[in-house]
Amino acid sequence: SQQGEEDPQALSIQEGENATMNCSYKTSINNLQWYRQNSGRGLVHLILIRSNEREKHSGRLRVTLDTSKKSSSLLITASRAADTASYFCATGAGSYQLTFGKGTKLSVIP
Amino acid sequence: ETGVTQTPRHLVMGMTNKKSLKCEQHLGHNAMYWYKQSAKKPLELMFVYNFKEQTENNSVPSRFSPECPNSSHLFLHLHTLQPEDSALYLCASSRGGGQDQPQHFGDGTRLSIL
């Protein structure tokens, strides 16, 4: 299975700290995407990183991809209470299907 | 406003009822998706439509019947559901049908089967 798997399952930090979430997958991919889901809402796309890219930034978000280790990380710097959400990685390797992991539940304590 | 609107937001139905979920996107996208999200399980892709044509059906039971009359609207018709079908049903759209496109999600329909 090419399913992404996030680690840790849950993470609790103080506001202002950095949060790092990891994603591992099993087969070759074309790209990897990160999404955020607030409680009771749909998923929101954060970043897409292609297999030939190693790092990508968007505001306070930094995503890295290591295809040799089949892993990716999402770093949120200077976290805020509003960053409290579940974060999912999704891998794409062909056809129309994205395969999502179970997510990391991030709690940012004010 | 997410650009993808799902109705109803909540639905409670008995196992013998027939109901439909509706999804509408205002983003000019050509691909639309139905996902099932259950507690402690990964998001499960159910159906994919690209330019109104169904391109994926991930072994979904026939009690779920999708309909895509145009690129902006997607329905999921439900009949004779089981308690294990209780979940959050999410609709998404993307510019193209490829897996290299970001997907835009609605806020889902929370379905409870009595």
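Per chain, numbering begins at 1; letters A, B, ... match sequence-line order. Computation of the quantities below employed the complete heavy-atom set of this structure, encompassing side-chain atoms and omitting hydrogens, waters and symmetry-equivalent molecules.
Nearest approach of A:Lys102 to B:Lys41, heavy atoms of both residues: CG-C, 4.3 Å. Counting all heavy atoms, side chain and backbone alike, A:Phe88 lies closest to B:Gln37 at CZ-NE2, 3.8 Å. Here the shortest heavy-atom pairing between B:Pro42 and A:Phe100 reads CB-O, 3.4 Å. Of all the heavy atoms in A:Gln33 and B:Asp100, the pair that sits closest is NE2-C, 4.3 Å.
With sequence neighbours excluded, the residues satisfying salt bridge (Lys or Arg N to Asp or Glu O under 4.0 Å) with A:Glu53 are A:Lys56.
By the 6.0 Å contact criterion, CD on A:Gln9 is open, its count of non-hydrogen atoms from other residues, nucleotides or ligands being 12 or less. More than 12 heavy atoms of other residues, nucleotides or ligands shown are found within 6.0 angstrom of CZ on B:Arg63.
Taken together through direct or relayed side-chain contacts under 4.5 Å among Ile, Leu, Val, Met, Phe, Trp and Tyr, B:Met32 and B:Val60 form part of one hydrophobic cluster. When the side chains of ILVMFWY residues are joined at heavy-atom separations under 4.5 Å, either directly or via intervening members, B:Tyr33 and B:Leu21 end up in two distinct hydrophobic clusters. A single hydrophobic cluster is not seen to contain both B:Leu76 and B:Tyr35; linkage of ILVMFWY side chains at heavy-atom distances under 4.5 Å, directly or through other members, places them apart.
Contacts of A:Leu43 with chain B are made by both backbone and side-chain atoms, with heavy-atom separations under 4.5 Å. Only the side chain of B:Leu90 comes within less than 4.5 Å of a heavy atom in chain A; its backbone stays farther off. For B:Arg9, the part lying near chain A is the side chain, with the backbone staying farther off; criterion is any non-hydrogen pair under 4.5 Å.
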Report task. Go through the steps for A:Gln37 and B:Leu88 under the test side-chain contact (heavy atoms from CB on, under 4.5 Å), then give the verdict. Result -> CA-CA 13 Å; A:Gln37 184 178 32; B:Leu88 181 67; 4.1 Å; yes
